[in-house]
*Asks:* 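Attaching a single structure in structure tokens format; questions to follow.
Note: hydrogens, waters and symmetry copies are ignored here, and every other heavy atom, side chains too, is used. Because the structure is a prediction, the values reported are computed rather than measured.
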Amino acid sequence: MSSPMSADEHTESADDEFDPNAPLQSDSGGRNRKRAVIAVAPFLALGLGNVVLILQWGIEPLWAFALLPPILFCSVLAYIVFSTDFLDDRT
């Protein structure tokens with residue numbers, strides 16, 4: 001059986017889970033994956049949409065696949081920057 005938690009301990013653990021004033025604060029471990037996904041997803045969707053559009057227009061498929069690596073590279077780089085707060089201390 002687990003030991004019962006005091007009211008203070010219960011309040012502390014509840015406060016650590018969610019802060020309504022700062023819903024996108026860093027997760028435990030100093031990484032903010034949710035904010036990174038929210039920031040990168042629209043740009044990744046636009047890039048992949050362009051690749052699909054190029055393929056549907058009938059342009060050489062090589063052009064679509066030539067655009068894919070830069071799109072993925074920039075998306076991964078942006079994810080790393082947003083998730084680790086790389087530029088947080090420079091503002």
*Asks:* Using the rule that two of Ile, Leu, Val, Met, Phe, Trp, Tyr join whenever any of their side-chain heavy atoms come within less than 4.5 Å, decide whether Val76 and Val51 are in one cluster.
*Replies:* no

*Asks:* Do Phe65 and Ile54 share a hydrophobic cluster (ILVMFWY, side-chain heavy atoms under 4.5 Å, transitive)?
*Replies:* yes

*Asks:* For Ile71 versus Gly47, what's the shortest heavy-atom pair and its separation?
*Replies:* CD1-O, 3.4 Å

*Asks:* For the atom pair OG1 (Thr84) and CZ (Arg33), what is the distance rounded to the nearest 0.5 Å?
*Replies:* 11.0 Å

*Asks:* For residues Ala66 and Pro69, report the shortest heavy-atom separation together with the two atoms involved.
*Replies:* O-CD, 3.6 Å

*Asks:* If you compare all heavy atoms of Ser75 against all heavy atoms of Leu44, which two are closest, and at what distance to 0.1 Å?
*Replies:* OG-CD1, 3.4 Å

*Asks:* CG of Leu46: more than 12 outside heavy atoms within 6.0 angstrom?
*Replies:* yes

*Asks:* Output the distance between atom CZ (Phe73) and atom CG (Leu68), rounded to the nearest 0.5 Å.
*Replies:* 14.0 Å

*Asks:* How long is the span from the CG atom in Leu67 to the CG atom in Asn50, to the nearest 0.5 Å?
*Replies:* 7.5 Å

*Asks:* Measuring from Leu48:CG to Phe43:CZ, what's the distance to the nearest 0.5 Å?
*Replies:* 13.5 Å

*Asks:* Locate the shortest heavy-atom distance separating Val40 from Phe82; write the atom from each residue and the value.
*Replies:* CG2-CD1, 4.4 Å

